[in-house]
Asks: 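Dumping the structure here so I can ask a few things about it.
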Amino acid sequence: MAEALISVLLQNLASVTYQYGEEKVKLVLNAEKDVQEFEAKLKAIRAVLADAELRQVKEASVRNWLEGLTEVSYKMDDVLDEWNTEILKQKIEKQEENGGSTSLVTEKKMKSVCFSIPSSCFCFGQVHRIILHRDIALKIKSLNENLDEIAKQRETYNFRFTERIISEQPEREKTSSFVDESIIFGRDQQKEVLVSKLLNESSQEETGLLVIPIVGMGGMGKTTLAQLAFNDENVKACFGIRIWVCVSDPFDEMKIAKAIISGAKAVSPNSDELEDFFQCMSESIKGKKFLLVLDDVWTEDQRKWEKLKLPLIQGGAHDSRILVTTRKQEVADMMGAPTRTIYLERLSEQNCLSIFNRMAFYNRDKDGVLEAIGEEIAKKCKGLPLAAKTLGSLMRYKKARKEWQEVLNSKIWDLEEVEQQVFQPLLLSYFDLAPAVKRCLLYCVIFPKDHLIYKDYLIELWMSQDYLYLKGNMEKEIIGQRFFDNLAMRSFFQDFQKLSDGNIWRCKMHDIVHDFLQYLTQHECFTMEVKGGNNTINPLGDKIRHLTLMLASEGLLSCVSFSSYDLRTLATFDSKFKVVSSTLFSQLKHLRTLNLSGHCIEVLSEEIGELVHLRFIDLSKNPLKRLPNGVCNLYNLQTLRLYGCWDLESLPQSMGKLINLKHLYVGGCYQLKYLPKGIGRLTNLRRLDWCPVGGDDDEAFKLGDLRNLDQLQGELWIRIYGEVKVAADEKASPLGNKQQLSELSMYFHECRTSAEILNFLPPHPNLESLSIKFYNGSSAPNWIMSLNNLRFLALRDWNECEVLPPLGKLPSLETLILSSMKGVKKVGVEFLGIEKEKETSSASSCITLFPKLKKLTFDRMWAWEEWKGVEEWKEEDSHITIMPCLSSLKFENCDKLKTLPDFLWKTPLQTLVINHSGNLARGCQKGRGKEWPKISHIPNIKITGRLPFFSDDEGDVIF
Ligand SMILES: *[C@@H]1O[C@H](CO)[C@@H](O)[C@H](O)[C@H]1NC(C)=O
Ligand SMILES: *[C@@H]1O[C@H](CO)[C@@H](O)[C@H](O)[C@H]1NC(C)=O
Ligand SMILES: *[C@@H]1O[C@H](CO)[C@@H](O)[C@H](O)[C@H]1NC(C)=O
Ligand SMILES: *[C@@H]1O[C@H](CO)[C@@H](O)[C@H](O)[C@H]1NC(C)=O
């Protein structure tokens, strides 16, 4: 931990400048010299850190020394940040005085710390500032002295100097090279035993609910085995309800009850009483045969267990099953199931080697020598599948034989003190990471076990802790992506869920990896379970920097004399409280990351404005009506998450002061009529998920203000409410400069001028996804046809539109949804993008229409009667190709539609769905229908809904 922290601190120290504007100002008490000395000492210490980090695993005195060093480093980092913030504050205040909005220049390099006093200070004689500056200089001086002490102590340890060259820049890896599958070798037999126990073991003596524990040490693959059984087809068929709950520690009965209730598709009671939940749970499974998996159970508390089991026995069918995975024999004993327990033994060497090889040699040529070394390394896994996977992933990065030998001969294998065997390979992998990446990994310990980790969130969190720091000008978000990929490929993450573009969206962490991180961070990160009416954080050790609160219930969150003044992260999970005491804020001055999402907070106190170091606030899903104005003084703020604050009516006017804000999430804040005007000054903004526009209020953010936000990325929703004026002199589109915006949705609400507005909003041609809803023009804006990269298009509720735009010309379109276009009666060649006579008859050039289209959906086209293709299609017309990739076609609620176009029979359609479209259903009757010849080649045809003309049945007819 220290090594990573110090590398970043050294970078921060190196970027300290003593310049403000043009003037160089001497700081009181010679802080400049102190900083330089501090830096020099730290550099000397850094050279032995690798050795020290390794030795601290064994030697307590080294650990203490490192802790002292960490402490001083953190304090120095805080002081630098304090100074930085002070400078920032002065700049912003000055700009505000000068009329703010217009004069504010983008501050691209706000990073560097400036040691100076702007001359204006002296002019206005702001005494308190000078005191503050003196105070900071004193702190630096005293920290410098502390470091002296530590540097002297270093001599006594005789550390080795290690020349470890780990490039700061992690290797750029192709995402396509992920090996993400739960590879399973050598567990077939156990799976069979387990499945048969689940399906048909029933002894005479025992009636009712059977509990089957799987016991094995960490990393042995208990969860994987349980998953195999859970997803087995026979098991699926046998149990009406299957529920998976990750229990972990603490044992939370409420969570289990909720999971069962929702798994049984029942509704949770409107209560906080556990008894009510148990009763509801019991009813929800009444008479049903269920399979409940309780993954990773730790509790040995018999009473808790019986209390949970009783309603399950009373409710469910007799042959229901509970499958429990645990590392502790005592848990299995407590559950009284000794004979049914499945013990998971170590894998054979051969199976371990298979896993190892699969990871290590993925996408890589075989090499006899490496394989021989690999065999030896695989033996070190001692039959633990997770160890084999981790080591295999580590070796994928090692190209030279020497590097393989080094791993085989590593000293880490001799560390007997390491708590669990599986930690050794993890340690090896961990020590192989660049310092900054190490810190990113360690930070993940703030999440509870089995938490779904969203990649974008995680990167924002890393940013807030200033972990994403590299020389050069690379964007932090990009660095974060690299770090994430790096960790993912080394198997520190798992259970990846990907987006359509192949990028990882979210993932989880193996519980052993979580244990491992806890082991490494035990003095810095702490997870606390809070119980009781009012939630009070008790004094913690003063080295704790990141605190996670779990299960805090309703009431007030406060703290008793917070000794941990240096807390940098406060995160809350599975908690619900109403009030955050204002003293909490005034005691946590160094907080950088605050997550209070999902509580019942209606009012937040102004004191939050004192947390000037805050970079990240998550207040999502709270019933807040407004934010305190104090938030606008958080000049370091980078991320503000207000997602799903349904009651939020307005944002503070001065938000334009938050010049470091990069991510603002207000999606789902439907009471917000408009954003404050000042948002238009936040030129660093990268993500804005939702942008309500409406009214002519001077204080409101207007469509034209979007032009300034040219860095916007990802997805943007614009809601336009009522009549919005578009200035006649606007020439450039406010969206045209957003090269990185990939998804755009526009939604009009009670807006008669939507056609005029939309014309004024052409996006950048890089756009990939577009949705437009409640548009009231009679034809589409011309710019749609120039979106050459568009892959997804949805047009909904275009009430005045009678003729479809020539979408066949869009070269990249893959998915098209046309919905609720009440005026469309006929669709013809204009939709394909050709003019009938001219182009079909001239056989000169080949054209392909809808060249990439895969999915086409029509929905609620109430007036639509006919769809015509190229009339009298003949084989000879082969110079026109239409929809050569079409694989799925769907009609829903197109009641009047009778005809399909002739070209359909030439498309490679795989699926045709006709739902609540009676005329078409009749025309498509197998063999008999008029349209049948056009669709007879399609393997999956599904016709559902009312079929009035040839059947009285209501229901599904599947051909
Ligand atoms: C249990 O099921 C397995 C296969 O699922 C079958 O081979 C075995 O005979 C069954 N045993 C009993 C006692 O029904
Ligand atoms: C919680 O704190 C509030 C305010 O201090 C107090 O009114 C209330 O009685 C406390 N509730 C409990 C259960 O202690
Ligand atoms: C914040 O907390 C909520 C609920 O406690 C959690 O779901 C979410 O992942 C957390 N967000 C971040 C960025 O940690
Ligand atoms: C759509 O726009 C026309 C003018 O172009 C207007 O007359 C009509 O009322 C609008 N319809 C709706 C539903 O706003």
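Numbering of ligands and ligand atoms starts at 1, following listing order. Because the structure is predicted, anything quoted here is derived from the model rather than measured.
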Asks: Using heavy-atom distances, let me know which of Phe573, Phe447, Tyr457, Tyr454 sits nearest atom 13 (C) of ligand 3.
Replies: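 Ranked by closest heavy atom to atom 13 (C) of ligand 3, first place is Tyr457.
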Asks: Quick check on contacts: which atoms of ligand 3 are under 4.0 angstrom from a heavy atom of Asn595?
Replies: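 The list of qualifying atoms is 1 (C), 2 (O), 3 (C), 8 (C), 10 (C), 11 (N), 12 (C), 14 (O).
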Asks: Relative to ligand 3, is Thr572 under 4.0 angstrom through side chain, backbone, both or neither, heavy atoms considered?
Replies: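 Just the backbone.
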Asks: Report yes or no: does His451 have a heavy atom closer than 4.0 Å to ligand 3?
Replies: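 His451 counts as a contact of ligand 3 under the 4.0 Å cut-off.
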Asks: What do you reckon, are the aromatic ring centroids of Phe516 and Phe423 less than 6.0 Å apart?
Replies: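 Yes - the distance between ring centres of Phe516 and Phe423 falls below the 6.0 Å cut-off.
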Asks: Would you tell me whether Arg482 and Asn486 have side-chain atoms, one donor and one acceptor, within less than 3.5 Å of each other?
Replies: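 There is no such pair (donor and acceptor under 3.5 Å, judged by atom type) between the side chains of Arg482 and Asn486.
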Asks: For Phe493, run the ring pair (Phe, Tyr, Trp, His ring centres under 6.0 Å) check against Phe484, Phe483, Phe447 and tell me which one passes.
Replies: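 So, applying the ring pair (Phe, Tyr, Trp, His ring centres under 6.0 Å) to Phe493 and each of Phe484, Phe483, Phe447, only Phe484 qualifies.
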Asks: Only heavy atoms of Phe616, strictly under 4.0 Å: list the atoms of ligand 3 that pass.
Replies: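 Those atoms are 13 (C).
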Asks: May I ask you to check whether Phe616 and Trp462 place their ring centers less than 6.0 Å from one another?
Replies: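 No - the distance between ring centres of Phe616 and Trp462 does not fall below the 6.0 Å cut-off.
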Asks: Mark the output for Ser597 as yes if a heavy-atom distance to ligand 3 is under 4.0 Å, and as no if none is.
Replies: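 Contact present.
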Asks: Under 4.0 Å from a heavy atom of Asp618: give me the atoms of ligand 3 that qualify, with their elements.
Replies: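 Answer, ordered by atom number: 1 (C), 11 (N).
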Asks: Can you tell me which residue among Tyr443, Tyr74, Phe526 is in a ring pair (Phe, Tyr, Trp, His ring centres under 6.0 Å) with His546?
Replies: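 Only one option passes, and that is Tyr443.
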Asks: May I ask you to check whether Ser429 and Thr390 show a side-chain donor-acceptor distance below 3.5 Å?
Replies: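 Their side chains do not contain a donor-acceptor pair, so the 3.5 Å distance test is not met.
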